[in-house]
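Order of listing sets the numbers, starting from 1, for every ligand and every atom in it. Along the sequence shown, residues carry numbers from 1. Every heavy atom of this structure was used, including side-chain atoms; hydrogens, water molecules and symmetry mates were not.
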Amino acid sequence: MADMVDVSSSGVSEPISSCAHPLTTPTSTLIFLVVSISETVAQHFLGPRNTGDDPFGNWGKPGTATEELAWYPTDFLRDVVPLPCHSHNDYWRKVPLFTALYAGCTGVEADVWLRNGDLLVGHDTASLQPNRTFQSLYVNPLVDILTRQNPSTDFYNGTQNGVFDTDPRQTLVLLIDLKTNGPETWPWIMKQLEPLRERGWLSYSENGQFHQGPVTVVGTGNTPFDLILGNSTTSPRVAFFDAPLDKLEESGFNSTNSYYASVDFWDAIGQVWWKGEPSQAQLGKIRGHLREARSRGLVSRYWGLPAWPIHVRNRVWQVLVEEGIGMLNVDDLDAATKQDWTKPGTF
Ligand SMILES: *[C@@H]1O[C@H](CO)[C@@H](O)[C@H](O)[C@H]1NC(C)=O
Ligand SMILES: *[C@@H]1O[C@H](CO)[C@@H](O)[C@H](O)[C@H]1NC(C)=O
Ligand SMILES: *[C@@H]1O[C@H](CO)[C@@H](O)[C@H](O)[C@H]1NC(C)=O
Ligand SMILES: *[C@@H]1O[C@H](CO)[C@@H](O)[C@H](O)[C@H]1NC(C)=O
């Protein structure tokens, strides 16, 4: 899907306390109270999760525990509980992939461009650098991680441990947003995924059955659905489509050819106003989408969620979680995961 430029919320996270000047009318006092109470309740639910030191300050530097992945996985992910959150525009993070894993997100997204015979990762052409490639940022680190997670020893000969120590059967979704010509770019993706495929680490579908592996590849943006369908008659399908969440009815999208079903929240559901509650009509639409996705075995996801004000963003997250959203799309990983979503009533 074409990603909108999402407004990062981290710089404007205190819209409420900054308006704590005297409020006079009963209505404004009531609004103020309701807002502050819900923010406080949110904070209560959302107490800090990863309380350890930020491992990313000196990432990869010699002499630190993060050099050469020597620390992976036991130290790094010891307390990390995987969560159904999708790290939108993951490559913007201090350390792509690993920041999302550390936050517990089970989905990451890379915008990929075919340039000069290689696949580069970046939000726009200005951000592309020759050394930030699909292989260097995603494929190679995943091969390293999964090699460590699946050692061959006297005690273990398995191959299917995923990236999360605390839940080795959890798959990691690698959402690939093709930014350049689909039919030209897609074969490069398949070629560069080969180190993961040949080791049996990709989810695949064969004879109408989906088999989950440590990594699930999903194509979006310019990804051509017919190339995803491709040659599965001759070999198992190892990449899946990001189906349109609002157009599933009467469609051929199901878990044998697609994994996510996504749509822009703003386009499909609309604006959620200051009071922060989706209307009954909006709720009805959301429920319809989620039901349809679920019945096809697809993981529902909205992108372009409201980012501000914070209480609206949190309330929309909460509603989506209550309604059983498959994957919560997040731009602000800290806000989404330094919250205890594992408490009752949340994830
Ligand atoms: C990638 O290239 C940039 C600029 O060309 C450089 O500053 C950076 O250190 C390089 N990174 C790596 C990991 O080689
Ligand atoms: C794993 O394979 C090796 C080599 O075939 C064998 O020596 C070892 O006992 C196996 N370990 C387990 C747990 O089966
Ligand atoms: C799969 O399909 C693509 C596109 O139609 C084609 O280029 C490629 O050669 C096919 N691969 C195999 C193994 O048949
Ligand atoms: C999935 O869809 C394909 C084609 O759209 C269809 O042939 C297949 O039977 C469906 N499989 C399931 C499990 O619904």
Side-chain angles (χ1 to χ4, degrees), residues 1-3 82 84 86 106-109 112 159-160 162 167-178 181-191 193-194 196-198 200-265 267-269 284-303 320-321 323-329:
M1 308 287 128
D3 290 313
H86 174 90
T106 55
V108 296
E109 172 174 346
V112 175
T159 59
Q160 293 296 303
D167 186 359
R169 279 171 309 171
Q170 172 66 52
T171 194
L172 177 75
V173 177
L174 179 55
L175 182 67
I176 302 169
D177 187 346
L178 287 205
N181 180 283
E184 262 177 63
T185 314
W186 188 250
W188 286 84
I189 299 277
M190 294 316 288
K191 192 168 145 223
L193 285 171
E194 195 52 20
L196 289 164
R197 193 203 61 83
E198 70 187 9
W201 286 335
L202 298 182
S203 299
Y204 65 96
S205 104
E206 195 172 34
N207 303 325
Q209 278 297 114
F210 176 78
H211 302 267
Q212 183 174 287
V215 175
T216 302
V217 173
V218 181
T220 189
N222 291 338
T223 300
F225 185 54
D226 57 337
L227 289 194
I228 293 261
L229 289 178
N231 340 23
S232 69
T233 43
T234 51
S235 51
R237 181 174 297 138
V238 293
F240 299 85
F241 197 60
D242 185 17
L245 180 57
D246 57 338
K247 300 187 179 68
L248 293 178
E249 279 172 55
E250 318 281 322
S251 79
F253 302 114
N254 61 37
S255 62
T256 70
N257 53 44
S258 305
Y259 187 84
Y260 277 161
S262 314
V263 73
D264 183 341
F265 186 86
D267 282 354
I269 305 298
K285 272 195 200 170
I286 293 172
R287 288 180 177 152
H289 289 166
L290 269 48
R291 192 182 320 117
E292 192 66 34
R294 212 174 293 125
S295 74
R296 292 160 181 270
L298 302 179
V299 175
S300 50
R301 181 181 75 107
Y302 290 104
W303 44 277
L320 292 178
V321 168
E323 296 298 330
I325 189 79
M327 195 68 132
L328 196 61
N329 210 60

(message) Do Ile269 and Tyr302 make a side-chain contact, defined as non-hydrogen atoms from C-beta onward lying under 4.5 Å apart?
(response) yes
(request) Identify, with sequence neighbours excluded, every residue that meets side-chain contact (heavy atoms from CB on, under 4.5 Å) alongside Asp267. (result) Asp264
(message) List the residues meeting ring pair (Phe, Tyr, Trp, His ring centres under 6.0 Å) with Tyr204, not counting sequence neighbours, and say none if there are none.
(response) His211
(request) Output yes when Arg197 and Glu194 qualify as a salt bridge under the 4.0 Å nitrogen-oxygen rule, no when they do not. (result) yes
(request) Could I get the full list of ring pair (Phe, Tyr, Trp, His ring centres under 6.0 Å) partners for Phe240, not counting sequence neighbours? (result) Phe210
(request) Kindly tell me which protein residues have any non-hydrogen atom under 4.0 angstrom away from an atom of ligand 4, grouped by chain and ordered by number? (result) Gly252, Asn254, Thr256
(message) Are Arg296 and Ser258 packed together at the side-chain level, in the sense that at least one heavy-atom pair is separated by less than 4.5 angstrom?
(response) no
